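All values derive from a computational prediction rather than experimental measurement. The analysis underlying the following values was restricted to heavy atoms, covering all of them including side chains, and did not include hydrogens, waters or symmetry mates. Below, chain A is the first sequence line, B the second, and so on; all start at residue 1.
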Amino acid sequence: MTQTGAVVVASSVVTGLVVVLLLSVGAAHVARRRREQRNAARRAALVPLVYTLLDGEEAGAVLAGAPAVLDEVVLHLLPQLRGSDRKVLQDLLVTRGVVERAAADLTARAAWRRGRAAMLLGSTASTAHTAGLITLLADRSSQVRCAAARALGKAGDVAAAPHLLAALTAERTLPSGVVGMALLDLGTAALPALREALTSGTAPARALAASLLGLHGDLHGTPALTLTLADDGQPVDVRRAAAEALGRISSPRATDPLCRALTFSAEPVLRHAAAEALGRIGDPAAATALVAGMAADDPGVRAACADALGALGPDGRSRLTQLADGEGPTAGTARGALDALAVRSARLHPMAG
Amino acid sequence: MSHVLVVDDDPVIADLVAFRLGRLGLQVSVEFDGEAGLAAARQLHPDLIVLDWMMPRMNGLQVCQALRSDADPQLARTPVLLLTAKAQEPDLERGFAAGATDFVTKPFSTRELVSRVTAALPPGSVVE
């Protein structure tokens, strides 16, 4: 065969392969579209039956044997409903064997199957598989560990709280944000575990527990948070989290310990958090400490003190005005805070003045 | 027959709410984004609007504010029930400040939703 002939044959083969490839892609695309259309039609037919079931009517027998596309609808609805509605959908998933299959997949060889099973069990909000999900918190795949943590939060079994906190410092750790989301999903039922972690947990657990107690506005957590803030032996991150939490809880009982942290701490990050918290609480008793804080070397601490004074009402604003009359960085920070207050006021009351 | 407008960008939730309210003998219209919801409210003058907060184009708060400042006094007074996953205290404050009449927080119960819709409509509007 001549060289030209070989080139022609080769190009014909390549062209043929390209055509076959294009035809295969086209066929797969058409098949997928048909499958999607078929599923959409099935979904459209099944969704009213789910609504009927939620309305207390008998549709379970039909739905128990319905195609798998029904599970997508149920799993989509499940996290958005509660009470008897949620129970009806959970029962439907159990009847269809979805929960049983997912539970079996928790120990599957493939990580994606373990992760998917965890997510599904979380979506079913069943507490029956807490132990299996807790085991996955130590899974070799970080994605599976995250999926298990989120699932434990959604499942709502408060027994998982100590395990989630322990996962912060386990050999195979979980990010604090993931654990925090899961603990928040557990709701106020997790508060006792968080209070316990604040006093006896590891440092990352204490910091996270403090933050979450603050987000919950847990008034009962105030004494333990105050002790944590005042404890010089605690890492600064933990003390800062306690200060922020006390600000969110906004109990005036925290004013004094926060003033002390602002006045005596050597850590700018802690002083900053204490000043911010005092601003959130808005107790005029903090004015003197905040004015003193305006002399701090750290510009962040000065700014936080100025903003907090602005949040104390007329007395705080009057003190800011006095400070603004002076010279130097303190006066400049006070003027900046007063300007910010004026802008905020103009936004809130556009017709005033 | 009382008329309820349901606005939610999640079609499964919008349809579920519409289905449940339809069974109460209410006339129900559904829209899937805030802008379309506001337009429908101006056109249909519903007796109640069930409004999702997080939506594309216009969110529930913006729709609520637009309704409350509408030139049509009847529309400006239409009760609005916000259906939302935002359940923190500041969120409720913002919702009420925007003009919401009441809240149903997600995850929600259709029974609670029905109770709140019934309470927001004139007596006798709902057939249980």
Side-chain angles (χ1 to χ4, degrees), chain A residues 40 43-57 59 69-90 122-125 153-156 181 184-188 212 214-219 247-250 280 347-351, chain B residues 6-26 28 30 32 50-55 60-61 65 69 81-94 96-98 103-118 126-128:
Chain A
R43 201 179 296 125
L46 290 167
V47 163
L49 287 174
V50 176
Y51 297 160
T52 307
L53 189 71
L54 287 171
D55 209 20
E57 289 185 22
V69 68
L70 173 69
D71 300 331
E72 290 171 24
V73 177
V74 176
L75 288 168
H76 176 75
L77 267 175
L78 198 59
Q80 306 194 60
L81 297 176
R82 62 182 165 84
S84 54
D85 295 327
R86 179 172 279 203
K87 180 78 174 67
V88 165
L89 296 182
Q90 284 172 339
S123 298
T124 61
K154 287 183 189 305
M181 284 297 294
L184 276 178
D185 280 341
L186 289 176
T188 52
L212 297 178
L215 286 172
H216 277 293
D218 180 37
L219 205 57
R248 286 181 190 278
I249 295 168
S250 291
R280 275 181 186 262
R347 274 194 200 142
L348 285 172
H349 312 289
M351 303 305 284
Chain B
V6 178
V7 189
D8 197 317
D9 64 323
D10 182 336
V12 178
I13 292 294
D15 288 347
L16 170 63
V17 173
F19 178 88
R20 195 69 184 84
L21 299 184
R23 290 221 156 179
L24 301 174
L26 298 167
V28 186
V30 178
F32 301 107
V50 178
L51 188 62
D52 184 26
W53 184 323
M54 305 292 283
M55 283 188 296
L61 281 199
Q65 284 161 342
S69 56
L81 207 163
L82 268 181
L83 183 61
T84 174
K86 288 175 171 280
Q88 300 289 318
E89 221 169 50
D91 300 326
L92 299 184
E93 280 176 3
R94 283 175 66 201
F96 282 122
F103 275 84
V104 171
T105 53
K106 291 180 187 172
F108 71 104
S109 142
T110 53
R111 287 185 181 184
E112 182 193 342
L113 176 76
V114 164
S115 300
R116 290 189 186 275
V117 166
T118 306
V126 167
V127 184
E128 278 285 11

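Only the side chain of A/L77 comes within contact range of chain B, with at least one heavy atom under 4.5 Å from a heavy atom of that chain. With a 4.5 angstrom heavy-atom cutoff, A/R86 touches chain B only via side-chain atoms. For a residue to count as touching a neighbouring chain, one of its non-hydrogen atoms must lie under 4.5 Å from one of that chain's; by this rule A/S84 touches chain B with the side chain only. At a 4.5 Å heavy-atom cutoff, A/L78 makes no contact with chain B through either its backbone or its side chain.
By the neighbour-count criterion of 12 heavy atoms within 6.0 Å, atom CZ of B/R94 is sparsely surrounded, having that number or fewer from other residues, nucleotides or ligands.
Atom CD of A/Q80 sits about 5.0 Å away from atom CG of B/D10, to the nearest 0.5 Å. Of the inter-residue distances, the one linking A/D85 atom CG with B/L113 atom CG reads 9.5 Å to the nearest 0.5 angstrom.
When all heavy atoms of A/P79 and B/P107 are compared, the pair lying nearest together is O-CB, 3.4 Å.
For the side-chain contact (heavy atoms from CB on, under 4.5 Å) criterion with B/F19, the lone passing option out of A/V50, A/T52, A/V47 is A/T52.
Between B/V17 and A/Y51, every side-chain heavy-atom pair lies at or beyond the 4.5 Å cut-off.
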